K.L.:
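Can you read through this structure? Questions will come right after.
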Number of protein chains: 2
Amino acid sequence: MATGTREAMLGSAIRLFRERGVGDTSFADVLEASGAPRGSVYHHFPGGKKQLVSEAIESAGVYVAANFDQADDGPAEMVDRFASFYMRELERTDFREGCPLMAAAVAGASEEASIPAARAFSQIHTSLTNALIEAGVEARRASSLATLAISAIEGAIVLSRTEKSVEPLDQTRQELHEIYTAALA
Amino acid sequence: MATGTREAMLGSAIRLFRERGVGDTSFADVLEASGAPRGSVYHHFPGGKKQLVSEAIESAGVYVAANFDQADDGPAEMVDRFASFYMRELERTDFREGCPLMAAAVAGASEEASIPAARAFSQIHTSLTNALIEAGVEARRASSLATLAISAIEGAIVLSRTEKSVEPLDQTRQELHEIYTAALA
DNA sequence: GTCTATACGAAGATAGAC
DNA sequence: GTCTATCTTCGTATAGAC
């Protein structure tokens with residue numbers, strides 16, 4: 001069906017972005033990975049690669065945000081879930097696939113990628129901040145703690161990737177757990 | 001002089017990597033930015049772009065590591081100096097230039113870039129871990145705390161870049177300062 | 001040691017047939 | 001809606017003159 005091709009292309013694009021980054025992923029790569037017909041690229045994405053990138057990252061942002069606050073539990077659980085999710089992802093993909101938002105936000109990524117990524121980061125920051133406030137943390141500190149957790153996990157994913165070891169991410173997860181537990185006491 | 005051209009090319013390469021990432025920086029870009037003569041590329045770097053990338057990241061790693069433990073003070077100061085340095089760098093460059101190691105370690109970067117970056121990360125992790133141990137922190141926890149700080153600052157630099165605001169990095173810096181102060185008490 | 005010219009390939013994008 | 005062919009641009013790399 002028509003939307004099936006679109007969805008397949010977006011899904012493959014996200015996977016490739018996580019693996020090689022946005023700039024190093026070509027249109028042909030996405031076509032090949034998705035098995036989409038070669039001639040239908042500009043039919044589905046008349047705006048070309050910019051549109052594909054933009055839509056793929058937006059889609060990834062929705063996915064990450066949904067995954068982030070899927071359960072209505074506390075902030076410590078949200079952070080732990082976020083880190084644990086990427087520990088599993090790194091192991092599942094043999095350290096090939098990181099966070100799509102990071103791939104989109106990092107140096108060199110065009111605005112089509114970085115703007116939706118920034119929006120998604122802002123969204124999960126708001127979610128986590130609100131969860132902390134509801135748990136009794138003062139607003140300013142809640143924002144700082146949320147930033148710390150997101151920054152640390154995203155940074156640790158990159159470190160774990162380059163070292164091909166989950167240790168950095170696991171260490172980060174544990175430290176964050178202690179920090180959050182202490183802040184909520 | 002001969003080495004002058006080489007040095008200029010390496011310096012420009014690092015700056016461009018910080019700005020656009022490794023993959024999106026072309027040879028011509030480096031030539032233009034450094035003002036190096038066009039014909040001398042393969043004279044200075046017979047290994048082509050791979051060699052240029054490799055040497056540039058190695059050089060950046062030495063620089064970052066030296067900056068990291070330039071003063072022989074405590075771990076809290078090292079972390080604060082690291083974060084503060086990049087806060088200034090982001091403001092100085094209007095959020096264009098991030099950390100060269102991150103640019104080299106991130107998804108899509110080739111092995112010529114990611115391997116020296118991993119080495120440099122490992123080096124500053126060792127430095128910070130040792131400083132924590134000397135300050136009386138138990139070895140395993142020292143390693144975790146070092147990982148947390150490096151991950152958080154690197155992640156926060158990316159967030160600050162995409163938001164064009166030093167707030168994420170500043171919040172991260174403050175939280176890390178409290179954590180380190182508490183751990184050393 | 002530096003220059004110009006050029007080969008070669010990859011990638012984005014468009015045109016026109018089916 | 002999908003296919004093939006083609007154009008253009010760009011980036012790496014090499015060859016050969018000065």
Side-chain angles (χ1 to χ4, degrees), chain A residues 1-57 103-104 106-116, chain B residues 1-57 103-104 106-116:
Chain A
M1 57 181 95
T3 48
T5 302
R6 260 187 77 93
E7 298 301 313
M9 287 184 69
L10 289 173
S12 293
I14 294 172
R15 197 178 55 73
L16 289 167
F17 292 166
R18 292 176 61 183
E19 205 172 313
R20 333 180 175 172
V22 177
D24 288 357
T25 301
S26 76
F27 237 145
D29 293 334
V30 176
L31 257 348
E32 186 186 350
S34 64
R38 226 183 131 34
S40 61
V41 183
Y42 286 88
H43 172 70
H44 291 297
F45 301 95
K49 191 180 180 182
K50 289 184 183 183
Q51 187 184 350
L52 173 67
V53 168
S54 168
E55 287 194 32
I57 303 300
V106 102
S110 51
E111 292 209 331
E112 302 89 55
S114 65
I115 290 176
Chain B
M1 56 183 99
T3 50
T5 301
R6 260 187 77 93
E7 297 302 312
M9 287 184 69
L10 288 173
S12 292
I14 294 171
R15 197 178 56 72
L16 288 167
F17 292 166
R18 292 176 62 183
E19 205 171 312
R20 334 180 174 170
V22 177
D24 288 357
T25 300
S26 76
F27 237 145
D29 293 334
V30 176
L31 258 347
E32 187 187 351
S34 64
R38 232 186 124 34
S40 61
V41 183
Y42 286 87
H43 172 70
H44 291 297
F45 301 94
K49 192 181 180 182
K50 290 184 181 182
Q51 188 184 349
L52 172 67
V53 168
S54 168
E55 288 195 31
I57 302 300
V106 101
S110 51
E111 292 208 331
E112 302 88 55
S114 64
I115 289 176

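Residue numbering restarts at 1 for every chain, and letters A, B, ... go by the order of the sequence lines. Not measured: the values here are computed from a predicted model.
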K.L.:
Let me know the distance between NZ of B/Lys50 and P of D/dG11, rounded to the nearest Å.
P.N.:
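Atom-to-atom, B/Lys50 to D/dG11, this comes out as 18 Å.
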
K.L.:
Please report, rounded to the nearest Å, how far the C1' atom of C/dT14 is from the CZ atom of A/Phe27.
P.N.:
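After rounding, the gap between these two atoms is 13 Å.
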
K.L.:
Got A/Val22 and A/Leu16 here, is their nearest side-chain heavy-atom distance under 4.5 Å?
P.N.:
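No, their side chains stay 4.5 Å or more apart.
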
K.L.:
Counting N and O atoms only, with roles assigned by atom type, does the side chain of B/Ser40 sit under 3.5 Å from a partner on the main chain of B/His43, one being a donor and the other an acceptor?
P.N.:
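No, the answer is negative, given that no donor and acceptor are paired below the 3.5 Å cut-off.
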
K.L.:
Are B/His43 and C/dC3 close enough that a side-chain N or O sits under 4.0 Å from OP1 or OP2?
P.N.:
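Answer no for this pair, as no side-chain N or O of B/His43 is under 4.0 Å from OP1 or OP2.
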
K.L.:
How many whole angstroms separate atom CE of A/Met9 from atom P of D/dT2?
P.N.:
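Going from A/Met9 (CE) to D/dT2 (P), I get 11 Å.
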
K.L.:
Tell me which nucleotide among D/dA13, C/dT2, D/dT2 gets nearest to the side chain of B/Lys49.
P.N.:
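Out of D/dA13, C/dT2, D/dT2, the nucleotide with an atom closest to B/Lys49's side chain is D/dA13.
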
K.L.:
Tell me: CG of A/Leu52 to P of C/dA13, nearest whole Å?
P.N.:
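Whole-Å distance recorded here is 10 Å.
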
K.L.:
Measure the distance from CZ on A/Phe45 to P on D/dT2 and round it to the nearest whole Å.
P.N.:
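The answer, rounded to whole Å, is 12 Å.
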
K.L.:
Using the side-chain heavy atoms of B/Ser26, tell me which of these nucleotides is nearest: C/dT2, D/dT14, D/dG11.
P.N.:
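Within the option list, the nearest is D/dG11.
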
K.L.:
Expressed in angstrom and rounded to an integer, what is the separation of A/Asp24 atom CG from C/dA11 atom C1'?
P.N.:
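Those two atoms, CG and C1', are 12 Å apart.
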
K.L.:
Could you tell me whether the side chain of A/Arg6 and the main chain of A/His44 form a donor-acceptor pair under 3.5 Å?
P.N.:
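Judged by distance alone, yes, a pair lies under 3.5 Å.
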
K.L.:
B/Gly39 or A/Gly47: which one's nearest nucleotide on DNA chain C is closer to the 5' end?
P.N.:
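First, find each residue's nearest nucleotide; the 5'-ward one identifies B/Gly39.
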
K.L.:
Check the surroundings of atom CD in B/Gln51: do more than 12 heavy atoms from other residues, nucleotides or ligands lie under 6.0 Å from it?
P.N.:
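Enclosed: over 12 neighbouring heavy atoms sit under 6.0 Å from CD of B/Gln51.
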
K.L.:
Where the side chain of B/Ser54 meets the backbone of B/Lys50, is there a donor-acceptor pair that is under 3.5 Å apart?
P.N.:
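Such a contact is absent between B/Ser54 side chain and B/Lys50 backbone.
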
K.L.:
Taking only the side-chain heavy atoms of A/Pro37 (C-beta and beyond), determine which of D/dG11, C/dG12, D/dT2 contains the nearest atom.
P.N.:
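Taking heavy atoms from C-beta onward, the closest nucleotide is D/dT2.
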
K.L.:
Nearest whole angstrom, please: distance from the C1' of C/dC18 to the CZ of A/Arg38.
P.N.:
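Taking CZ of A/Arg38 and C1' of C/dC18, I get 17 Å after rounding.
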
K.L.:
Nearest to the A/Tyr42 side chain among D/dG1, C/dG12, C/dT2, which nucleotide is it?
P.N.:
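The answer is C/dG12, which lies nearest to the side chain.
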
K.L.:
Could you tell me the separation between the CG atom of A/Leu31 and the C1' atom of D/dC3, rounded to a whole number of Å?
P.N.:
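These atoms are roughly 12 Å apart.
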
